[in-house]
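To start, the structure itself, in structure tokens.
Lettering follows sequence order; numbering is per chain, from 1.
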There are 2 protein chains.
Amino acid sequence: MFLEIVKQLRQLIQDEGVRVGEKLPSERELAERLQVGRSTVREALRSLELLGLIETRRGEGTFLSDFRKHQLVELLSTFILQESKSKEDVHLTRETLEKEAIRTICQSEQHQKHFIWEAFLVKLQQEPVIREDIIREIIIISGNRLSLKVWFLLKQFAGEPYQSEMNVEEKTIWMQLLNSLQNGKEQLSISLYHEWLFLMDRREKNGSRSI
Amino acid sequence: MFLEIVKQLRQLIQDEGVRVGEKLPSERELAERLQVGRSTVREALRSLELLGLIETRRGEGTFLSDFRKHQLVELLSTFILQESKSKEDVHLTRETLEKEAIRTICQSEQHQKHFIWEAFLVKLQQEPVIREDIIREIIIISGNRLSLKVWFLLKQFAGEPYQSEMNVEEKTIWMQLLNSLQNGKEQLSISLYHEWLFLMDRREKNGSRSI
DNA sequence: TAACATTGAGTGGTCAGACCACTTTGTAAT
DNA sequence: ATTACAAAGTGGTCTGACCACTCAATGTTA
């Protein structure tokens, strides 16, 4: 069973003391050492590669990669999102993550530290202001990397409105929201966020009011 | 690249409308249809198998399996969850989804319909009361299938506390929470939920107070 | 007719060998 | 010393060949 090979590979990596970034034995050598065919070794290696545990470079070899780069979310998303036909669900879940980021920021002491808002302010003041950039900044500030990853994926599925830029109305709201966040006013922040959503919604229905 | 084949396989599954438990085309047929060698198809299939997305039975064929059975968690958790920050992220994201479900229920008109609460009540009144079942019911009622799926995955990472049963204290809170939900009281519901989280937290630190 | 045994087609599991494209390294010519 | 070329090594892919197994059609027997 090729699962056995996966196991043996892990054992071999451990015994050999292969460290992150270092090279593994070649496929042909592994096949000989594990006493199996090369194709069997490859099936195991490709599985580990799909998981993001190893990295292969043609002509060079196979390397142990940093598993902090794991592709868990990416992988699962392709299978989860495929059946979730409802765009509405994607939207709602994405908005959930955004709102929670806002709440987290307000409830933590983070919002008091001025330097945190620097990047945010810069993005909001320069032209053009891309929605995606602003929201991403908010989630980064909230500090939950997993949320950020999930959000990033959902955003890709959500498509349009995020890739375009904010109009004057939206920017006004976000300036208020920034202020509200800095003062840790949760209720007000959420209200402003909802107000922004409402604006986006109307814009989408009315057609090309943007740009 | 074999990643391309993984992608194409997904597409094929979708186009063909293969459902969970049903049989996929044979490796030889797939090779012919995708215009690649059988070994390449196998590398892709074995990867999906390691993820638990398909199941192969010698002499019979390859079958689409329920993604909920995937062993990804077991495989990756040893690598990923070593940093305590990761664990915390998982917890927080999971709680985010749970809270949002509560909010959604309160804000919709759903909570007024009595029949919705039947399954919930049954689960809460019978013994033993498994935490996981209750929360799942809440998210189902909220109606966001995508959230449910993401939550399901995170729950597996979260591990312990969810698989055991509630004690008397917890059940009391949940009876109140149920009542609060039925009346659409958002603030109160969230407060009760937080109270429950606090209880779980304390229980975890104090050790084996449950069962 | 019913129960059993046999056979063959189809399937995944594995292997060996052959190319290909690419990278690295060693070697020879300049 | 630099450059140009050749060779070895590596992953990527395909082919064909077995094996072990399952299942269903077929044939055989009671």
Rounded to the Å, how far apart are [X] [atom1] and [N] [atom2]?
X: Leu24(B); N: dT11(C); atom1: CG; atom2: P; answer: 12 Å
X: Lys23(B); N: dG10(C); atom1: NZ; atom2: P; answer: 12 Å
X: Phe63(B); N: dT11(C); atom1: CZ; atom2: P; answer: 11 Å
X: Glu43(A); N: dT13(D); atom1: CD; atom2: P; answer: 13 Å
X: Arg46(B); N: dC15(C); atom1: CZ; atom2: P; answer: 14 Å
X: Glu4(B); N: dT13(D); atom1: CD; atom2: C1'; answer: 15 Å
X: Leu50(B); N: dG13(C); atom1: CG; atom2: P; answer: 13 Å
X: Ile54(B); N: dT11(C); atom1: CD1; atom2: P; answer: 15 Å

Sidechain-backbone polar pair: [X] side chain, [Y] backbone, donor-acceptor under 3.5 Å:
X: Glu100(B); Y: Leu97(B); answer: no
X: Gln107(B); Y: Thr104(B); answer: no
X: Thr40(A); Y: Val36(A); answer: no
X: Ser189(A); Y: Ile102(A); answer: no

Identify, residue by residue, the members of residues 31-40 of chain A with a heavy atom below 4.0 Å from DNA chain D, and return them in order of residue number, or none. Arg38(A)
Taking the nucleotide of DNA chain C with the nearest heavy atom to each, does Glu27(B) or Glu60(A) sit closer to the 5' end? Glu27(B)
If you go through the side-chain atoms of Arg28(B), does one of them form a donor-acceptor pair with the base of dG12(C) closer than 3.5 Å? yes
Among Ile130(A), Ile135(A), Ile134(A), whose side-chain contact (heavy atoms from CB on, under 4.5 Å) with Glu132(A) holds? Ile130(A)
Which nucleotide sits closest to the side chain of [X]: [options]?
X: Arg42(A); options: dT14(C), dG12(D), dT10(D); answer: dG12(D)
X: Arg58(B); options: dT13(D), dA20(D), dG12(D); answer: dA20(D)
X: Thr56(B); options: dG12(C), dG11(D), dT22(D); answer: dG12(C)

What's the separation between atom CH2 in Trp151(A) and atom OG1 in Thr96(A), rounded to the nearest 0.5 Å? 14.0 Å
How about Glu32(A): does its CD atom have over 12 heavy atoms from other parts shown lying under 6.0 Å from it? no
